[in-house]
There are 2 protein chains.
Amino acid sequence: MTRAAPERHDDILAAAGRRFAQSGYRGTSLQDIAADVGCSKAAVLYHFADKKAILAELVARPIDQLRELDERIAATSSPAEAQRVAAEGYVDLAVQFRRETAFLRGEFPGLFQQPPFSHLQHIPDRLVRAFAGHSDRPAARVSALVILAGIAETCGEFIDLPEAELRPALLALVRRALEPVN
Amino acid sequence: MTRAAPERHDDILAAAGRRFAQSGYRGTSLQDIAADVGCSKAAVLYHFADKKAILAELVARPIDQLRELDERIAATSSPAEAQRVAAEGYVDLAVQFRRETAFLRGEFPGLFQQPPFSHLQHIPDRLVRAFAGHSDRPAARVSALVILAGIAETCGEFIDLPEAELRPALLALVRRALEPVN
DNA sequence: AGCATGCCTGACCGATCGGTCAGATGCCGA
DNA sequence: TCGGCATCTGACCGATCGGTCAGGCATGCT
């Protein structure tokens, strides 16, 4: 029954990703993950320090790229350019990390307000402001949040749709929805 | 400490609504609700049969109106009319039930697949199809789902924004985003 | 005064949660 | 062949969950 460590590690990560996407972090038990992998709950906790560590590793890469996008947005020189960079960057990110993004967004309010995720809380702010065209008008902020939340929550439902179809569809929608706000 | 039953009932409902919106159904315990109301956990279960009954009563009115909107969409005679009815009806519904809609959408996949909510599962289908302009193209379906999911999840963040500002902002966004799809 | 009823409490229940631990098993180099 | 290390298991822990129950305490009717 023994299995090489790296494979087991990745198996657990993959199983947790599927479960989290379907039932949320709180709605998934270590027992569920272990059952999917085909090992005991204790084996899961041999490869990961605790349940939060699984989540942390699962969202590490999308979070890193979100932070990188944040810096690219900060480096722009006009609201229009910021919006373009934000739109294309976020769509790419959401498509690339379809499964993670969906539950990452869903768990954000409740889970990412406490350690060890607290420092990530401010990152989406610049994204929202860029989408809103640096406008403080409620209408612009509503539009930005609807699009952002919609992309995040929707992408998980299109796991099987090839990127070649999903990405342009999202980009076209974002451009149509946001351009008149400028 | 004794309080007239109808007021307690409504107090519990209101407290549960706030908690569910913030932490989700699974993330809220009966103890949390009882603490907010200022009574014991047993008192909560005196007014409601079980935890699910609180959720059921909380979403009964928005669900009823969602079903009613579903019928109004079915009664239309063209895709364009269906989309107009769906857009205005859903925006009204989302704005009116800002708090409920946010977590109702969030809990849908996991919770509303099992009794006593199973029969509600198919209702959003016609809404999505109407938004997509009765098109089967992935791009149209992506647009429809992004807008629907975005509205539902975003509305909860604008509890304090008056309807007079939120409603037209959402309607304008929906019109801009969906009209070119036809 | 006595009694019934409505509202509520603290104590308790079994189930499940995340997490720990001692020990079993298998593999690999010396 | 043997010892050591990595991997894994079953049993167990305390905490918390949703839910139950017997009884207390008002209030109001007879």
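Lettering of chains follows the sequences in order, A, B, ..., and the numbering in each one begins at 1. For clarity, every value in this text was computed on a predicted model and none was experimentally measured.
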Classify the angle between the aromatic ring planes of B:Phe48 and B:His9 as parallel (below 30°), tilted (30 to 60°) or perpendicular (above 60°). parallel
Which word best sums up how the rings of B:Tyr90 and B:Phe131 line up, parallel for under 30°, tilted for 30 to 60°, or perpendicular for over 60°? perpendicular
I need the single residue from A:Val44, A:Leu58, A:Leu30 that forms a side chain to side chain contact (heavy atoms under 4.5 Å, CB included) with A:Ile12. Which is it? A:Val44
End-to-end axis angle, where each axis spans five pairs of the helix from C:dA1-D:dT30 to C:dA30-D:dT1, to 10°: 20°
Under 4.5 Å between any side-chain heavy atoms of A:Phe20 and A:Glu100, yes or no? no
Quick one: do B:Glu88 and B:Arg175 make a salt bridge, cutoff under 4.0 Å? yes
Would you kindly give the CG-to-P distance between B:Asp11 and C:dC7, to the nearest whole Å? 14 Å
Pairwise N/O distances under 3.5 Å, protein to nucleotides 18-22 of chain C:
unit_1: C:dG18; atom_1: OP1; unit_2: A:Thr28; atom_2: O; d: 3.4
unit_1: C:dG18; atom_1: OP1; unit_2: A:Lys51; atom_2: NZ; d: 2.8
unit_1: C:dG18; atom_1: OP2; unit_2: A:Leu30; atom_2: N; d: 3.0
unit_1: C:dG18; atom_1: N7; unit_2: A:Lys41; atom_2: NZ; d: 3.3
unit_1: C:dG19; atom_1: OP2; unit_2: A:Lys51; atom_2: N; d: 2.7
unit_1: C:dG19; atom_1: O6; unit_2: A:Lys41; atom_2: NZ; d: 2.7

A:Leu127 and A:Leu148, any side-chain heavy atoms less than 4.5 Å apart: yes
Could you tell me whether the phosphate oxygens of D:dC8, OP1 or OP2, come under 4.0 Å of any side-chain nitrogen or oxygen in A:His47? yes
Are the side chains of A:Cys155 and A:Leu170 in touch, meaning some heavy atoms are under 4.5 Å apart? yes
Examine D:dC8: is either OP1 or OP2 under 4.0 Å from a nitrogen or oxygen in the side chain of A:Tyr46? Give yes or no. no
So among B:Arg167, B:Arg98, B:Arg72, which one has a salt bridge (Lys or Arg N to Asp or Glu O under 4.0 Å) with B:Asp92? B:Arg167
Can you find a side chain N or O atom of B:Arg8 that sits less than 4.0 Å from OP1 or OP2 on C:dC8? yes
